[in-house]
Amino acid sequence: MLITLMLALGGVTAYLLGSVNGAIIVSRMLFGQDVRSSGSGNAGLTNFFRTYGVTGIIGVIAIDVLKGVLAALIGGWLLSAAAPEGWAEEFTATGRCVATFCCILGHSFPVFYGFKGGKGILTGVSCAAVIDINAALIALFIFGVIVAATRYVSLGSIVSTASVPVTMLANGFSGRCLIIASAAVIMIIFRHHANIKRLLAHNESKIAFRRDISHKLDNDSF
């Protein structure tokens with residue numbers, strides 16, 4: 001009974017934390033707009049950057065990273081408090097994995113914002129850093145390499161996310177943790193279904209690392 005209670009409490013807490021969306025909060029505070037009304041309509045870091053540039057981006061990152069870290073830590077701590085003797089490590093890892101799934105769920109379908117949120121990449125890697133720092137670092141490395149090479153943020157997100165359970169498997173996590181982590185990865189990839197279709201059709205948008213100012217060349221005041 002105590003285990004179920006702690007698991008539920010950790011999951012609900014993680015979901016509510018996940019529902020606190022950095023891109024929506026910062027876009028409303030700084031620009032008086034909802035980031036979901038622009039670009040792809042996604043409440044995530046990439047759409048925020050494409051819409052507003054670097055202004056406020058630190059705030060978005062800070063909120064989404066902090067909520068992911070807190071969710072995983074709280075979920076692990078709560079479940080470990082109900083662990084039988086000798087099972088604290090496994091219960092902590094399981095609690096963190098469940099909280100990660102719930103936090104990404106909250107970010108994707110936030111109760112505070114009409115259940116229309118982001119895709120969970122930044123939040124997910126923040127949770128992963130608590131579960132297994134090696135998995136998070138490898139995912140970030142893969143993401144960076146793919147985005148630098150192709151400029152497809154969605155492709156980097158999908159492949160790097162899929163690497164997390166693989167690294168966890170190599171690091172000896174239990175089958176229970178791997179199943180939960182894989183479920184979180186499947187949810188994130190499902191949230192990218194439209195991107196996958198565009199990638200296959202070769203019409204996915206590429207990220208621009210610098211603002212395009214070519215339209216100003218014909219302006220006498222440039």
By salt bridge (Lys or Arg N to Asp or Glu O under 4.0 Å) - contacts of Lys67 (at least two apart)
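Scan of Lys67 (salt bridge (Lys or Arg N to Asp or Glu O under 4.0 Å), adjacent residues dropped) gives Asp64.
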Phe49 side chain reached by Ile207 side chain, heavy atoms, under 4.5 Å
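Heavy-atom side-chain distance check passes, below 4.5 Å.
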How is the hydrophobic cluster of [X] composed, in terms of its other members, when Ile, Leu, Val, Met, Phe, Trp and Tyr link through side-chain heavy atoms under 4.5 Å apart, directly or indirectly?
X: Leu137; value: Ile133
X: Phe190; value: none
X: Ile131; value: Val164, Met168, Leu169, Phe173, Leu178

Can you check whether [Y]'s main-chain N or O pairs, donor with acceptor, with [X]'s side chain at less than 3.5 Å?
X: Ser163; Y: Ser160; answer: yes
X: His193; Y: Ile189; answer: no
X: Asn47; Y: Ser40; answer: yes

Pairs meeting criterion side chain to side chain donor-acceptor pair (under 3.5 Å) with involvement of residues 126-147, two or more places apart:
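Sorted result for residues 126-147: Asp132-Asn171.
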Examine the side chains of Gln33 and Ser38 and answer whether a donor and an acceptor come within less than 3.5 Å of each other.
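Side chains of Gln33 and Ser38: no pair found under 3.5 Å.
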Could you pull out all residues at least two apart from [X] that satisfy side-chain contact (heavy atoms from CB on, under 4.5 Å)?
X: Ala43; answer: Asn21, Ile24, Val35, Arg36
X: Leu7; answer: Leu79, Val98
X: Ala14; answer: Ala71, Ala99, Cys102, Cys103
X: Thr150; answer: Ile146, Tyr152, Leu155

Kindly write out the residues that satisfy ring-ring contact (aromatic ring centres under 6.0 Å, His included) with Phe48, not counting sequence neighbours, or none if the list is empty.
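Only Tyr52 meet the ring-ring contact (aromatic ring centres under 6.0 Å, His included) criterion with Phe48.
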Please list all pairs passing the salt bridge (Lys or Arg N to Asp or Glu O under 4.0 Å) test where one or both residues lie in residues 87-114, with sequence neighbours left out.
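Applying salt bridge (Lys or Arg N to Asp or Glu O under 4.0 Å) to every pair that reaches into residues 87-114, excluding sequence neighbours, yields Glu90-Arg176.
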Enumerate the residue pairs fulfilling ring pair (Phe, Tyr, Trp, His ring centres under 6.0 Å) with a member in residues 104-149, sequence neighbours excluded, ordered by first and then second residue.
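Listed by first then second residue: nothing to list.
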Would you check, one step at a time, whether the test side chain to side chain donor-acceptor pair (under 3.5 Å) holds for Asn195 with Lys119?
CA-CA 11 Å; Asn195 303 89; Lys119 297 176 181 176; 2.5 Å; yes
Please round to the nearest 0.5 Å and tell me the distance separating atom OG1 of Thr92 and atom CG of Leu73.
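Separation between the atoms: 10.5 Å.
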